[in-house]
Engineer: 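Provided herewith is a single structure, encoded as structure tokens, for subsequent inquiry.
Naming convention: chains lettered A, B, ... in sequence-line order (proteins, then strands); numbering from 1 in each chain. We use all heavy atoms of the structure for the numbers below, so side chains are in, but hydrogens, waters and symmetry mates are not.
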Amino acid sequence: MAMLYSEKVMDHFANPRNVGELENADAVGEVGNAVCGDIMKIYLKIDDDIITDVKFKTFGCGAAIATSSMATELIRGKSVKDALTLTNKAVIEALDGLPPAKIHCSVLAEEAVKKAIADYYTKTGREIDFDLGCDGHCDSCGTKHA
Amino acid sequence: MEEKKFIYADNAATTRVIPEVLEVMLPYLSENYGNPSSLYSIARKSAKAVEEARAKIAELLGAKPNEIYFTASGSEADNWAIKGAAHAGMTKGRHIVTSKIEHHAVLHTMKSLEKEGFEVTYLGVNGDGLVDPDEFRASLRSDTILATVMLANNEIGVIEPVKELAAIAHERKIPFFTDAVQAVGHIPVNVAELGVDMLALSGHKINAPKGIGALYIKNGTRVTNLVDGGGQERSKRGGTENVAYIVGLAKALELAIARIPELERVRTLRNRLVEGILKAVPYSRLNGALEPRLPSNANFAFEFIEGEGLVLLLDMAGIAASTGSACSSASLEPSHVLLAIGLPAEKAHGSLRLSLSHETTDADVDYILEKVPPIIARLREMSPLYEEFTRGEVTFKIK
């Protein structure tokens with residue numbers, strides 16, 4: 001069956017916010033792999049633990065692009081601590097829902113943010129005290145995300 | 001305001017019912033509503049219409065009228081041919097030979113038979129998408145009870161050497177079925193010439209409605225009944241005949257076959273499309289051999305991008321097309337056909353099928369050639385894979 005996307009998903013897919021790279025990014029997080037068909041890469045500019053700029057690049061379907069776009073919107077201007085509380089459910093809700101087969105795209109978006117913040121923690125000599133989730137490989141964790 | 005552009009380039013998925021077909025169908029939905037099994041005059045009109053349609057289809061395919069059975073779809077015909085022959089032949093053996101690039105209606109039927117204890121050999125194809133007749137010959141065993149390879153592939157449009165394969169199967173007295181859903185009405189198809197024992201076709205690929213198909217079963221071929229009922233379809237498939245759709249199928253097939261010479265124009269358009277895309281888009285390739293191939297089919301792989309986004313952006317530009325990407329399906333697997341021709345999964349995700357028709361114009365191809373390259377460039381700008389590639393961090397290429 002054709003994927004029935006909400007208007008918000010279509011808007012964020014057709015007009016994605018924050019696409020691109022950040023030169024001199026303070027942190028970068030990449031999840032997913034080309035074989036599964038989804039890769040998300042998030043670049044963060046962080047001043048005093050506040051995300052002052054964020055960009056992304058995504059290889060993936062319409063939902064992967066839309067969830068990346070929405071996730072970057074949701075963490076822009078937030079503290080890294082607040083950004084760590086971003087869940088895939090919040091991304092789904094902000095997009096007015098996702099088809100069941102596309103839930104994993106929201107999981108990838110959440111995990112791309114966490115991976116980028118983990119990179120920031122590593123670079124600033126902090127201990128990574130949060131769960132990175134699965135590595136984004138479609139078959140490796142075996143969990144069903146909801 | 002300019003009228004919104006709409007170019008339908010997904011004719012391998014389905015086609016519209018054309019007015020000539022609709023016109024012959026309508027009386028059988030209204031005034032001629034009789035049940036063909038009844039005795040009075042309006043029922044006789046229905047019975048006559050069904051039998052005339054059957055005779056017409058038989059004639060067009062080189063079959064006898066009593067060898068044509070109507071079904072509700074191409075998938076039903078595929079299921080019936082395979083399960084019917086398997087169940088009829090299971091006392092002789094339980095081995096079936098097919099290919100890895102069959103339609104899911106065939107592959108999932110095989111999976112179902114495997115659960116019943118049948119053993120299935122799935123033949124690979126070469127990089128062009130073609131089954132090797134020698135490999136086919138070598139796969140046949142003393143307990144092989146059915147062999148089946150499709151006539152034309154639904155994704156990449158390549159035409160399999162069915163005549164040769166059927167002859168090889170017959171050397172071993174093994175019945176041969178072909179799924180000709182994509183081929184019938186697009187290339188000349190004659191069951192006697194092909195030498196097949198069974199052949200499946202579908203109406204909605206040739207401007208008849210969705211919900212009607214047919215199975216050719218050569219007289220003498222052993223196939224179990226599909227539906228037990230009131231004796232319709234020579235007691236093999238019960239259920240009151242879908243009279244209007246049967247009439248529509250016969251008309252559509254007649255028109256499609258008459259149009260085949262016109263498809264040379266479509267082949268020229270398709271070739272221009274292929275040349276134009278490959279020239280304008282770097283890191284792209286045509287999937288499957290250019291020949292032998294259905295004149296209407298083009299299927300591309302574009303590196304560094306994913307097909308669903310491509311199809312959605314093409315839709316916004318007014319072009320309807322398909323992809324073999326995993327994200328276009330509920331499963332996470334990319335197209336089994338593209339994997340079978342040797343495309344790595346990461347490249348199979350970035351595929352695009354454009355299937356033209358007799359209604360496609362030069363201007364349509366110009367428009368597609370204008371829209372596709374910038375959309376791919378836009379998606380590549382968003383792609384981390386392309387970024388890594390342009391930085392020289394990855395070097396893979398599909399050519």
Engineer: Picking from B:His103, B:His336, B:Gln182, what satisfies side chain to side chain contact (heavy atoms under 4.5 Å, CB included) with B:Glu155?
Structural biologist: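 Testing each of B:His103, B:His336, B:Gln182 against B:Glu155, the sole residue satisfying side chain to side chain contact (heavy atoms under 4.5 Å, CB included) is B:His336.
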
Engineer: Under 4.5 Å from any heavy atom of chain A, what part of B:Ile305 do you find: side chain, backbone, both or neither?
Structural biologist: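 The answer is the backbone of B:Ile305.
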
Engineer: Which bit of B:Met382 comes within less than 4.5 Å of chain A, counting heavy atoms only: side chain, backbone, both or neither?
Structural biologist: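 Interface part for B:Met382: both.
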
Engineer: Applying salt bridge (charged side-chain N to carboxylate O under 4.0 Å, His left out) to A:Lys57 and A:Glu21, what does each step give before you reach the verdict?
Structural biologist: CA-CA 7 Å; A:Lys57 284 210 170 178; A:Glu21 299 162 51; 3.0 Å; yes

Engineer: Non-hydrogen atoms of chain B under 4.5 Å away: do they reach the side chain of A:Pro16, the backbone, both or neither?
Structural biologist: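 Only the side chain of A:Pro16 comes within 4.5 Å of chain B.
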
Engineer: Would you sort out whether A:Asp11 and A:Arg17 count as a salt bridge (charged side-chain N to carboxylate O under 4.0 Å, His left out), showing the intermediate values?
Structural biologist: CA-CA 10 Å; A:Asp11 176 38; A:Arg17 283 62 149 177; 2.8 Å; yes

Engineer: Could you name the residues of residues 63-70 of chain A that have a heavy atom within less than 4.5 Å of a heavy atom in chain B?
Structural biologist: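 Checking residues 63-70 of chain A against chain B gives A:Ala63, A:Ile65.
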
Engineer: How about A:Phe13 and A:Tyr5: are their ring centres within less than 6.0 Å of each other?
Structural biologist: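 Not under 6.0 Å, so no.
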
Engineer: According to the interplanar angle, ranging from 0 to 90°, do the rings of B:Phe389 and B:Tyr283 count as parallel (below 30°), tilted (30 to 60°) or perpendicular (above 60°)?
Structural biologist: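 Geometry flag for B:Tyr283 against B:Phe389: perpendicular rings.
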
Engineer: Output, in order, the C-alpha distance, side-chain angles, deciding distance and verdict of salt bridge (charged side-chain N to carboxylate O under 4.0 Å, His left out) for A:Lys115 and A:Asp119.
Structural biologist: CA-CA 6 Å; A:Lys115 193 103 180 264; A:Asp119 183 44; over 6 Å; no

Engineer: Before you tell me yes or no, could you show the steps for A:Asp96 and A:Ser6 under side-chain hydrogen bond (donor to acceptor under 3.5 Å, both in side chains), namely the whole-Å CA-CA distance, both residues' side-chain angles and the distance that decides it to 0.1 Å?
Structural biologist: CA-CA 6 Å; A:Asp96 292 340; A:Ser6 70; 5.2 Å; no

Engineer: At a 4.5 Å cut-off on heavy atoms, which part of B:Arg380 comes close to chain A: side chain, backbone, both, or neither?
Structural biologist: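 Neither the backbone nor the side chain of B:Arg380 comes within 4.5 Å of chain A.
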
Engineer: Could you check whether atom NZ of B:Lys210 has more than 12 heavy atoms from other residues, nucleotides or ligands sitting under 6.0 Å from it?
Structural biologist: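 Yes, the 6.0 Å shell around NZ holds more than 12 heavy atoms from other groups.
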
